[in-house]
Amino acid sequence: LVDRRWAGIAKGVGTQRILGRIHLGQIQIEADFLQASFSILEEQQMDVLIGLDMLKRHQCCIDLHRGVLHIGTTGTDTSFLAEKDLPDYARLSGADGPSSPPPAPSSMEAEDSQLAQALSHSQQEAEASASSSTSQPSASSQSSNSPSFPEEQITRLVQMGFPRPDVIKALQESAGNADLAAVSLFAKFLGNAAVPK
């Protein structure tokens with residue numbers, strides 16, 4: 001029943017060993033029986049994980065406002081489980097009691113932290129590069145308080161969602177290098193956002 005030729009590694013939020021695949025089976029949702037193929041994962045606590053391929057095949061829509069999964073091919077809606085109805089290992093509330101260890105940071109949080117560190121590092125490099133290239137300003141930049149930059153560069157950065165004064169300041173700090181200015185703006189934006197530490 002399990003085709004072991006499909007064995008491998010599943011990667012996503014973590015990794016798990018794939019034992020094989022069941023090419024055709026049925027899953028019951030409400031009164032509907034939907035055909036699907038299943039990858040069998042080693043040591044998976046959840047009975048079934050519905051993947052994007054199955055959601056697309058059956059034209060499903062996750063409606064968070066109503067708290068339902070709508071199955072487009074049949075017109076059926078099925079409600080999400082309340083947290084109290086979930087198995088203990090799937091709960092977010094920490095209902096395991098005070099003796100349970102604190103959860104390890106998810107790989108998403110780790111990726112966010114790494115991204116913030118990389119952007120911060122890039123910003124520092126951009127600022128160092130800008131300060132070294134502007135340490136000896138030219139006569140034209142000394143004669144003008146507001147250096148001019150191509151409007152195309154300014155517009156492109158403003159279209160990314162940054163305020164025009166911040167864009168001009170970032171271009172000044174990066175000696176007119178639009179790429180370094182964008183890195184600086186994104187780093188400042190992410191530095192102001194709530195990033196797990």
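For clarity, every value in this text was computed on a predicted model and none was experimentally measured. For the single chain, residues carry numbers from 1 onward in sequence order.
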- Item | Working for side chain to side chain contact (heavy atoms under 4.5 Å, CB included), residues I50 and I29 | CA-CA 11 Å; I50 298 176; I29 299 178; 4.3 Å; yes
- Query: Are F33 and L55 grouped together when hydrophobic residues (ILVMFWY) are joined by side-chain heavy atoms under 4.5 angstrom apart?
  - Reply: no
- Output yes when D166 and K169 qualify as a salt bridge under the 4.0 Å nitrogen-oxygen rule, no when they do not. no
- Query: Can you tell me how far CG of D85 sits from OG of S79, rounded to the nearest 0.5 angstrom?
  - Reply: 10.5 Å
- Task: Hey, could you give me the CD/CG distance between Q26 and L24, rounded to the nearest 0.5 Å?
- Result: 7.5 Å
- Item | Under 3.5 Å side-chain donor-acceptor pair for H70 and D77 | yes
- Check the hydrophobic clustering (I, L, V, M, F, W, Y; side-chain heavy atoms under 4.5 Å; chains of links allowed) and say if I71 and V68 are grouped together. no
- Query: Do I40 and V48 sit in the same hydrophobic cluster, where Ile, Leu, Val, Met, Phe, Trp and Tyr count as joined when their side-chain heavy atoms come under 4.5 Å apart?
  - Reply: yes
- Message: Set out, in order, the CA-CA distance, both residues' side-chain angles and the distance that settles side chain to side chain donor-acceptor pair (under 3.5 Å) for E30 and T78, then state yes or no.
- Response: CA-CA 7 Å; E30 300 291 336; T78 186; 2.7 Å; yes
- Task: Return the minimal non-hydrogen interatomic distance between A182 and L157, and the atom names on each side.
- Result: CB-CD2, 3.7 Å
- Item | E42 and Q16 side chains, donor-acceptor separation under 3.5 Å | no
- Task: May I have the step-by-step check of side chain to side chain contact (heavy atoms under 4.5 Å, CB included) for L41 and L19, ending in yes or no?
- Result: CA-CA 6 Å; L41 302 177; L19 300 176; over 6 Å; no
- Item | Minimum-distance pair of heavy atoms, taken over all atoms of C60 and L69 | CB-CD1, 3.9 Å
- Query: Same cluster for F149 and M160 if Ile/Leu/Val/Met/Phe/Trp/Tyr side chains link at under 4.5 Å?
  - Reply: yes
- Note on the structure: Correct closest heavy-atom pair for R57 and A36 would be NH1-CA, 4.1 Å
- Inter-residue atom distance F80.CZ - R66.CZ, 0.5 Å rounding: 10.0 Å
- Within the distance-only criterion (no hydrogens, no angle test), does the side chain of D32 pair as donor or acceptor with the backbone N or O of L34 below 3.5 angstrom? no
- What distance do F162 atom CZ and I154 atom CD1 have between them, rounded to the nearest 0.5 Å? 14.5 Å
- Item | Residues, nucleotides or ligands: over 12 heavy atoms within 6.0 Å of I62 CD1 | no
- Task: Answer yes or no: are there more than 12 heavy-atom neighbours, outside E43 itself, under 6.0 Å from its atom CD?
- Result: no
- Contact summary for S174 and L180, nearest pair of heavy atoms: CB-CB, 3.7 Å
- Query: Would V167 and L185 count as a side chain to side chain contact (heavy atoms under 4.5 Å, CB included) if you check the C-alpha gap in whole Å, the side-chain angles of each, and the deciding distance to 0.1 Å?
  - Reply: CA-CA 7 Å; V167 166; L185 289 163; 4.0 Å; yes
- Message: Between T155 (side chain only) and E151 (backbone N and O only), is there a donor and an acceptor less than 3.5 Å apart?
- Response: yes
- Measure from the side-chain N and O atoms of H58 to the backbone N and O of Q35, and report whether any donor-acceptor pair falls under 3.5 Å. yes
- Short side-chain donor-acceptor distance under 3.5 Å, T73 and Q59: no
- For side chain to side chain contact (heavy atoms under 4.5 Å, CB included), just list the numbers for W6 and H23, CA-CA rounded to whole Å, side-chain angles, deciding distance to a tenth of an Å, and then say yes or no. CA-CA 10 Å; W6 288 75; H23 293 286; 3.1 Å; yes
- Item | Over 12 non-hydrogen atoms of neighbours within 6.0 angstrom of CD in Q28 | yes
